[in-house]
Structure formats: C-alpha cells, structure tokens
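Below is one structure; the comments refer to it alone.
None of these values were measured; they are calculated from a predicted model.
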Number of protein chains: 2
Amino acid sequence: MKIALSYATMGIFFCGLTLTLINPRRSRRSSGRTTLADVAAAAGVSPITVSRALRGERSVDPQLAERVHQAARQLGYVPDPAARALASQRSTQVLVLVPLLSNALFVDLLEAVHRTLFPQGFQPLIGVTHYDSAEEELLLRTYLPHRPAGLLVTGFDRSEDARQLLAGSGVPCVHLMETSTAPGTACVGFSQVGAGEAITRHLVERGRRRIAFCAAQLDPRVLQRAEGYRRCLRAAGLYDPRLEVLSAERSSMALGARLFEDMLQRLPDIDAIFFCNDDIAQGGLLAAARLGVAVPGRIAIAGFNDLAGSDQMVPPLTTIRTPRSEVGRAGATMLLELMRGEAAPRCIELDYELVVRGST
Amino acid sequence: MKIALSYATMGIFFCGLTLTLINPRRSRRSSGRTTLADVAAAAGVSPITVSRALRGERSVDPQLAERVHQAARQLGYVPDPAARALASQRSTQVLVLVPLLSNALFVDLLEAVHRTLFPQGFQPLIGVTHYDSAEEELLLRTYLPHRPAGLLVTGFDRSEDARQLLAGSGVPCVHLMETSTAPGTACVGFSQVGAGEAITRHLVERGRRRIAFCAAQLDPRVLQRAEGYRRCLRAAGLYDPRLEVLSAERSSMALGARLFEDMLQRLPDIDAIFFCNDDIAQGGLLAAARLGVAVPGRIAIAGFNDLAGSDQMVPPLTTIRTPRSEVGRAGATMLLELMRGEAAPRCIELDYELVVRGST
DNA sequence: CTGAAAGCGCTTACAG
DNA sequence: CTGAAAGCGCTTACAG
C-alpha cells in the first residue's frame, strides 16, 4: 500500500472534504451557485417561501420576507433565469424585432425600449430582420421557443407563417411605428400617410409646383408616405405620376446622391424633391452641392425622420421629426401592461413634427 | 337539476374530453409543447437517445438516429432552451457588449458577429454599455446568470469588478477592437496607434505642418489614436500639444462642426485637422462649407473609420477604413473555437487601410 | 400565510 | 451503443 500522497492529491482530498463539511448534500452535478434552497436554509423557511418573498408576492409575512431578503443578500443569491423560465414557462426577455440597425431611427427606438424595459426586470433581445420576411420568420422560430415574456415588432407587414407564429405563441405583442384599427391589436405609431402629406403640403405652400417623390427601400411605411404625397398633390391638382422615383435598393447617402443626379437629368423641370428618408435626402443635398445646384433656389429638398446630421447639412434639411423614442417608450410601456395583464390591447397614435430648415 | 348546458359550457366540456383522449397523461402543468419524451415514444427509444441523436452525438446507432430525426421532424419537435440551459448549465446565447449602437462602426461589427454565430446555433444577445463602466457591470450582473455560451466584449477598459465577473464566470471571452499581449487573452483588433500614426503621416506627407488633432468621447481607442498622432508628429519635429483638442462629449456631427469653428478661431494657423472619428470629421467638413473655408486649400481634414457618407462629402473625406466587419467575423469565429474547446485564446491583429480622398 | 410534493423538459453521470 | 435514475433550480397547484 502506498502511503505518500502527492500535495496535489492531498489538495483535492482536502478540498473535497471541506466542501463536504460545508455542504454535505451538494451533488456531483451542482453548478456551485447559491440556490433558493440555500437561502431557505439560511432563513429557516421553505424554498417556496423564499421564492414568493423574492418575487414580491404579498402573501408572505413581512417579517419572514425581511428575513428572506437579508439571507439572500448575505449569500449573494441570484435567481437562475433558466430554472425560472422552465418552471414558469416564461422568461424575462422581450424579443424586439427591427428591420435594420443601420437606420438611426431604430437605434433611437431600441434605446427607448431598453430604458423602459430593463429597469422593470425585462431584457430586450434584439432581432434584426433586414426587411426580409424569411429572416423575420427564422428569428421568430428561433426565439419563440425561449418563451419571451413579450414581443415588440415593427409594423404589420409579415409572412402568413410569421403572423401565425405570433398569434399562436400567446405572447403579448405590440406593433410599433404604424397604427391599425384591427380589433385586439396593440400598436404604437404615428400616421405615416399624414406625415407624408404634411411635408408635401409644406412644399406646395412654399410655391413649388413640380414636386417629385424619391424613395428607396420601399417598405410599407415608405409606401404610406408616398400615399400621403399623392393625396396632397392630387388635392392641389399637381399630381404627376412621372415624378415618383421608387428604388427598391437599400437606402443610403450614396443612393440618394445617385438618384438626385438621375432625376435632375430625366426630370429637368422639377422644383422640389421629397425624399422618403433623411439619409437619401442628405445624399441628394450633397450631390446638389457637388454639382453646384442651388438649394432651395433651383430646387427645394425635404427629407423624413430628422436623423443625425440633417441639421448640419448646408443648407440644413427640412424634414419631419418622427417620434421614434416616444414610440419605443410608449410601446414598451404598453407591453409592460399587457404582460402584467393590467390592460387590453389598444392603439396609440403619436404626433410627428414638421421641422422647416433652409433646404426648402 | 338543470339539464340544458350552454354552448360555451359544452364546448369547454368537449375540448377537455378531446384533450384527455389524445393525451391521457398530460399533467396539469404541461406546457403543451412536444417534448423529448414524445419523440422518444414515437421513435420507440429512450429520451436520452433522442437527446443524443438530436445533438449529433456520434455514439448513436445511425439507424436509430435516423428514426429519431424522422420522428422529431414529424412531431415538429423544438428543444426547450430553458430546460437545456438548466440541465447543461449553458445556454446558446452569446453576450455581445458594445459601447453604442449610434456609432455605425458597432452596427457593422454586430452584423458580422450575427452572420457568423447565428448559423452555428448561437444567438447574439446585444448589450449596450454607453461607454459607462457601471452600465457594463450591470449588464454583466444581469446576463451572466443566464450562463451565456460565450462573451464578446469591446476593448479592455472596464471596472475591476467587471473584470472579475468576466474571469470568475468561466465563460469563454473574446475582446474586440483592440489588441493585447497579455497571456491567455483572446482578442481580435487592429493597431489603433498605428492607424492614428498612418493618417497623421499622410497629412505630413501632403506638406501640412500645423496639424491639429480633434477628438470626442475619449474612449481608450480614441486615446490610442491620439498617441499615434503624437508619435508621428514628434518624429517629424512638428508636435505641438496646443493643437490637441479633446472633448469628453459624445461624438456627433454637430459637435464636430462646433469644434471646427472653435479651432479655426483659437488656432488660426493650423493647416490640417485629424478628427478621431468620421462623424465629427463630417461635421467639420460641413462647417467649413458653411463658413466658406476651402478644404483642402486652406485646411486639410481627415477622419477615422470610413463611415457611411464619408465618400459623399464635398469634398469626400480622407480617412482610415477600419476592419470592423472582419473584427466581428474573426472574433466570433475565435469564440466559436473557444466554446468548442478547439483552440486556446490568442490575439489576432488585422489591417486597416488609408483611404485618400479629396479632403486632404 | 406557509409548505410538501410534484413537475417544468432537458442532460449528466453511471451502468451495462 | 443504450438506458434508468437522478438532478439542474426554480414555480405551480394543492392542502392546510
């Protein structure tokens, strides 16, 4: 029989012993983390009482609750989200689906959502769809099994399968950026049509007569702005379908510049352009500067959203300030109510604002 | 006794009956989802065999595995991530911590990370720190208990507590955007110092002698670029500390414009400005246009990162194209290897590129 | 108000 | 290669 043990072996031996003494019942599979049971033992109550106290259920004696909280604090107890999700069939994550992160609009939206949800114990889980319904579906298929506590999605345009996944999940869902009158639908948005109409009207009021509409991406909200443009110009007797330039390409400053040059050439008599988004408007403005085209002298330029930099352009860009932060905040707040079962789905329509600057 | 039952009551009655007939053993707490046990029953094997087959463990007879896969497909089985995470002590989410979403740099990084991780079965979980170490710590405290499979963090600058949380978690972690020689550290970045030096050298080579450095945000990477600027100018005998304009404010086009105007006034003899980021550089460029200051005639302007729009400026902006997508891809790939235990932590240094345009 | 029991749906650790 | 048992750390559903 070998008597000498190596230090390493002794170390392991003593560690094992120590562990055993402190925690005689720690199983081989234990993760080592402090559990509800540990807190219960320390507080001298049952685990379920700890669970209730920590979740703030009021059916717990205040004195007991206090003892539990103290024990939890002392032991540095942190609930295991996976165990919680498994037992309750609900996680504390909120899936937020946006089309793009490269559009500052959605970054502002996400900021507001985070600021609203996170302090209330819910964590936004960001999914980017790239304006692709197949991607959105895949995200839903991937994340719905995680049983998110809530869902925040952009607009109403999605595949039938995605729609059914949403409905079938039973997870509270708020639609952002657009409004709908469909009963039972929760949404927070503003009138894209109205905003498109408003900025077009501004151009008309400035005395412009050949007002073009230039759009990229062509998502539903862009098309609604187009509708507002048409409405306004029809009413003014100025509508000419040839002045609509629609590109399915991804929106960007470079694209805006290119489209601006095209339009100047193909439609030499236009005296104003309403760009569906500030980034292509900024590109158009810069192209004008490059080409020596006077803005607003020769041509007026208007954008949409009031993104970063629009106020810095030369001349500064007239645009519509969209309430995306408010949409994020109000949408998240509504979701909070729905998740708590405090309110029924409803629809909130927020205001936009016409911001007149030097480009018109 | 009342004989007549309302339709509603009968509906409920029959529903319950149907459910009972189909699923005699479904417990009261069942979530209704198809489980491993259902697949096992359908395939005529034990649940553990299903688990192994579905995870692709090779210690399963190919025939059995095939039968399992078929059954799973037919039943539309989707594993429960919470149960999986609880049993295995590891989720499939990868926590990604970035300072800001409003800097396009990090959006590009996140895109690349998502494209690399998602197809491999891992889901990025985005956390935004706002360059605030307390926020980063809070995010870590919130998300680490979820037992992410991996961690992707920006740079090395964090609180001691955050550092210990990272180290203590035992979760594989890759640091992005900076490099380090510390042993055992995994990182993917590029030389911020070198890049700052390179663009300053370009200005020197263009014949500029009073070259200013203008920075905002002042995060570690910005300061490293400043160091590159100094190194270059010292070597050229052109360094003058009065030409460093450092603002702790958040970087933006508006701030760039303001700082540009200040500098022109306070430092009338400067003939070039190296802005630490393209957004303030763009702001400076636009301010120059507004003020009628000739670029590069009177003053040369250079930026950093090559963000969207820099090529559209008038004149287009000279800058450093940073490899953020490559950093994201390579970082995520390295993390994948670490999570699979296929590789040891190491450090990858990528290349940047000087992009000379009209502004210098 | 409190608790013992059972269960959520997986995987680990042993056996064979 | 396959499986029965136990366990991951919580909450639900009953009882009292």
Side-chain angles (χ1 to χ4, degrees), chain A residues 23 25-68 72 75-92 121 144-147 149, chain B residues 23 25-68 72 75-92 121 144-147 149:
Chain A
N23 255 314
R25 297 207 214 103
R26 277 272 183 265
S27 89
R28 205 171 282 89
R29 280 188 68 182
S30 162
S31 63
R33 73 197 299 161
T34 303
T35 70
L36 211 55
D38 297 329
V39 178
V45 298
S46 76
I48 182 59
T49 297
V50 176
S51 170
R52 287 200 266 247
L54 260 28
R55 276 176 300 138
E57 270 193 24
R58 62 168 139 280
S59 68
V60 179
D61 180 278
Q63 286 214 335
L64 266 196
E66 180 46 33
R67 223 161 74 208
V68 167
L75 297 178
Y77 170 68
V78 182
D80 182 325
R84 197 167 247 191
L86 180 59
S88 70
Q89 300 293 338
R90 214 131 233 54
S91 83
T92 55
L144 247 19
H146 289 242
R147 301 203 176 267
Chain B
N23 255 315
R25 298 204 215 105
R26 278 276 183 260
S27 90
R28 206 172 281 89
R29 281 187 66 180
S30 163
S31 64
R33 73 196 299 162
T34 303
T35 69
L36 212 55
D38 297 328
V39 179
V45 298
S46 76
I48 182 58
T49 298
V50 176
S51 170
R52 287 200 267 246
L54 260 28
R55 277 176 299 137
E57 269 193 25
R58 60 167 139 281
S59 69
V60 179
D61 180 278
Q63 286 213 336
L64 266 196
E66 179 48 33
R67 222 161 76 207
V68 167
L75 296 179
Y77 170 69
V78 181
D80 182 325
R84 197 167 247 190
L86 180 59
S88 71
Q89 300 293 339
R90 212 127 235 55
S91 84
T92 56
L144 247 19
H146 288 244
R147 300 202 177 266

Sugar-phosphate, base or nothing in reach of A:R52, heavy atoms under 4.0 Å: base

Closest to the A:V45 side chain, choosing from C:dG3, C:dC10, C:dT12: C:dG3

Distance, rounded to the nearest Å, where A:R84 contributes CZ and D:dC8 contributes P: 18 Å

Atom-to-atom span, CD of A:Q89 to P of C:dA6 - whole angstrom: 20 Å

Spacing between A:R67 atom CZ and C:dT2 atom C1', to the nearest angstrom: 12 Å

Any B:T49 side-chain N or O less than 4.0 Å from OP1/OP2 of D:dT2: no

Separation of atom CD in B:E57 from atom C1' in C:dC10, rounded to whole Å: 13 Å

Backbone N/O of B:S51 and side chain of B:R55: donor-acceptor pair under 3.5 Å: yes

d(CG, A:L54; C1', D:dC10) in whole Å: 12 Å

Of the listed nucleotides C:dG9, C:dT11, D:dA4, the one nearest the side chain of B:R33: C:dG9

N/O donor-acceptor pair under 3.5 Å between A:T49 side chain and A:V45 backbone: no

Interatomic distance, A:R90 CZ vs C:dG9 P [rounded to whole Å]: 13 Å

Spacing of CZ belonging to A:R33 relative to CD belonging to B:Q89, to within rounding of 0.5 Å: 7.0 Å

Of B:P62 and B:A87, the one whose closest DNA chain D nucleotide lies more 5': B:P62

Expected output: side-chain A:R90 to main-chain A:A149 donor-acceptor under 3.5 Å: no

Listed nucleotide nearest any side-chain atom of A:S30, set D:dC8, D:dC1, C:dC10: D:dC8

Nucleotide nearest B:I48 (side chain, heavy atoms from C-beta), chosen from D:dG9, C:dC8, C:dA13: C:dA13

Nearest-Å distance for atom pair CG/P, residues A:L86 and D:dG9: 12 Å

Pairing nucleotide - D:dA13, Watson-Crick or G-U, each distance under 3.5 Å: none

Heavy-atom donor-acceptor pair, B:S91 side chain to B:R147 backbone, under 3.5 Å: yes

Whole angstrom value for the distance that separates P of C:dC10 from NE2 of A:H146: 13 Å

Nucleotide of C:dA4, D:dG9, D:dA4 approaching A:S46 most closely (side-chain heavy atoms): C:dA4

